[in-house]
There are 2 protein chains.
Amino acid sequence: MNQESSAKPLKKSQLTRKMILDVAAALFSSRGYNATPLREIAAAANMKAGSLYYHFDSKEALMLEILNIGIEGIAESVKHQIACLPEGAGFSQQLEAAMVGHLKAILESGDYASTNIRNYGQVPERVREESMPVRDRYEEIWRNILENGKQEGAIADHVNIGLLRLTLFGGMNWATEWYRPEGLTIEEIAAGQAQLFLQGLSQN
Amino acid sequence: MNQESSAKPLKKSQLTRKMILDVAAALFSSRGYNATPLREIAAAANMKAGSLYYHFDSKEALMLEILNIGIEGIAESVKHQIACLPEGAGFSQQLEAAMVGHLKAILESGDYASTNIRNYGQVPERVREESMPVRDRYEEIWRNILENGKQEGAIADHVNIGLLRLTLFGGMNWATEWYRPEGLTIEEIAAGQAQLFLQGLSQN
DNA sequence: GTCTATAAGGCGATAGAC
DNA sequence: GTCTATCGCCTTATAGAC
């Protein structure tokens, strides 16, 4: 059905395309969408700016694809961590696994994932709208985990799980602003934040 | 020593200056620093772009002033909420008061404050460096609250208060991305988030 | 203090050679 | 597929009239 089933007719073109996406994601993530000219992306990919248009229709189309790859990468990372749990794992283990998956994706493997977090607010509205379905699908994973936690009784009745989800996202996503490889490891951050949310600050 | 001690010779100029800061803060906050041309700022202030240079040396200088006003506004709001507490208020009351102050500043009164949060990462490095001392002074307030909490025993020994502070900031600041006036009120958000961090998710 | 006019350069995007 | 060349527009910033 797709090109992988036959030989490899246009493989080289796909490779260049991938390289452009990679360098663009790195530049968008660190410098921002509006502050990154196409000329720099092209230079980083050893090309001239005009050549990019053979692979992408516009700067916006390039950005949209990076955003979508990023969210899907985060979703896969979260699903993978949950799948690695022993059978019958409870809510608190699921929450910590999901947090590890999210944090790993945005801090470690990350240019596509972190572009998502750091550039979403500064991207043209059209791009934001078009990437919404993919974002919604990712948030659905978290809604399910938290709703299960409430039904299990692991989350107190008075907790607003909508607010909880947004606060969890904020706490984790903000790490893209302060994380440094020489500081806390990703596992330490995930464990610390999970404990913070699960147990609160008090002694017991 | 300054102009306020004498009559009011250049008051009108100061007023225009303030107007430019106001409209620029609103535009930077909603659309972003790099995506907001000086022409739009000028138009919103009923002027032409060139006239802005009578009041500010450059776009960067304008942004720097907005960022600093923003942080100082957040700091004042936090200090005010804490000052309103009854004498001898404990850590949990102080934390909730500080959170109310921070959230009110960034969500309610906020173009200067929210410009800070939403644009810090996309601003030229020079501007970021110059605004660092003001930011550090604000963070000092939080470090003090949390260290007191630890000494009081209100924060468990195992909690990393550096990570706690960053996670609190993340949870609160992220609200600039999802807050809508028709949803939860600022007081509800602050109370909900304070409870989340103080008590955790469990039933007790 | 604000205007008009313009400098000097950057931007995304396109056309056509190779 | 990538290049060169360029279009048309936008940008920050400046100079000088009013």
Side-chain angles (χ1 to χ4, degrees), chain A residues 3 7-25 27-28 30-67 115 119 122-128 130, chain B residues 3 7-25 27-28 30-67 115 119 122-128 130:
Chain A
Q3 52 276 56
K8 27 189 108 153
L10 38 80
K11 207 180 157 192
K12 187 155 187 181
S13 168
Q14 296 297 78
L15 225 112
T16 307
R17 197 185 146 83
K18 173 78 159 56
M19 147 100 80
I20 295 168
L21 285 165
D22 284 349
V23 300
L27 288 166
F28 286 153
S30 67
R31 205 170 316 184
Y33 176 77
N34 288 301
T36 305
L38 288 178
R39 289 168 158 79
E40 279 190 42
I41 296 169
N46 294 312
M47 307 174 74
K48 300 295 171 179
S51 311
L52 296 175
Y53 287 84
Y54 175 81
H55 301 277
F56 299 93
D57 288 342
S58 66
K59 188 182 181 184
E60 291 188 2
L62 172 59
M63 183 58 160
L64 179 62
E65 193 159 332
I66 290 171
L67 289 176
T115 293
N119 285 273
Q122 59 180 293
V123 130
E125 221 181 287
R126 199 178 317 115
V127 178
R128 228 177 303 153
E130 282 197 68
Chain B
Q3 54 277 54
K8 30 189 107 152
L10 37 81
K11 206 179 155 191
K12 186 155 186 180
S13 168
Q14 297 297 78
L15 226 109
T16 307
R17 197 186 146 82
K18 173 80 159 57
M19 148 99 82
I20 295 169
L21 285 165
D22 284 349
V23 300
L27 288 166
F28 286 154
S30 66
R31 206 169 317 182
Y33 175 77
N34 287 301
T36 306
L38 289 177
R39 283 172 212 284
E40 279 190 42
I41 296 169
N46 295 312
M47 307 176 71
K48 300 296 172 178
S51 311
L52 296 175
Y53 287 85
Y54 176 81
H55 301 277
F56 299 93
D57 287 342
S58 66
K59 188 182 180 183
E60 292 188 2
L62 172 59
M63 183 57 160
L64 180 61
E65 193 159 333
I66 290 171
L67 289 176
T115 292
N119 286 273
Q122 60 182 290
V123 130
E125 222 182 285
R126 199 178 317 115
V127 179
R128 230 177 301 152
E130 282 196 68

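We name chains A, B, ... by the order of the sequence lines, and we start the count at 1 in each one.
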Does dT2(C) have its OP1 or OP2 closer than 4.0 Å to a side-chain nitrogen or oxygen of Thr16(B)? yes
Sequence neighbours excluded, the answer for side-chain hydrogen bond (donor to acceptor under 3.5 Å, both in side chains) partners of Glu40(B) is Arg31(B)
If only side-chain N and O atoms of Ser13(B) are considered, is one of them under 4.0 Å from the OP1 or OP2 phosphate oxygen of dG1(C)? yes
Spacing of Phe56(B) atom CZ relative to dT2(C) atom P, expressed in whole Å: 12 Å
Residue pairs meeting ring-ring contact (aromatic ring centres under 6.0 Å, His included), one or both in residues 38-59 of chain B, sequence neighbours left out, come to none
Residue pair Phe28(A) / Gln122(A), side-chain heavy-atom distance below 4.5 Å: no
What is the distance, to the nearest angstrom, from the CD1 atom on Ile20(A) to the P atom on dG1(D)? 11 Å
Review item, nucleotides 9-13 of chain C N/O atoms under 3.5 Å of protein N/O:
unit_1	atom_1	unit_2	atom_2	d
dG12(C)	OP1	Lys59(A)	NZ	2.9
dG12(C)	OP2	Leu38(A)	N	2.8
dG12(C)	N7	Arg39(A)	NH1	3.4
dA13(C)	OP2	Tyr53(A)	OH	2.7
dA13(C)	OP2	Lys59(A)	N	2.9
dA13(C)	O5'	Tyr53(A)	OH	3.1

Between P of dG1(C) and CE of Met47(B), the distance in whole Å: 10 Å
Pairing residues for Glu130(A) by the side-chain hydrogen bond (donor to acceptor under 3.5 Å, both in side chains) criterion, not counting sequence neighbours: none
Just how far, in rounded Å, is P of dT4(C) from OH of Tyr54(B)? 18 Å
Tell me the interatomic distance from Leu15(B), atom CG, to dG1(C), atom C1', rounded to whole angstroms. 14 Å
Length of the line joining His55(A):NE2 and dG1(D):C1', which is rounded to integer Å: 6 Å
Between Lys48(B) (NZ) and dT6(C) (P), how many Å, whole number? 16 Å
Applying side chain to side chain contact (heavy atoms under 4.5 Å, CB included), can you list everything that pairs with Ser30(B), at least two apart in sequence or on another chain? none
Enumerate donor-acceptor pairs with a distance under 3.5 Å from any side-chain N or O in residues 42-52 of chain B to protein atoms, sequence neighbours excluded.
unit_1	atom_1	unit_2	atom_2	d
Ser51(B)	OG	Lys48(B)	O	3.4

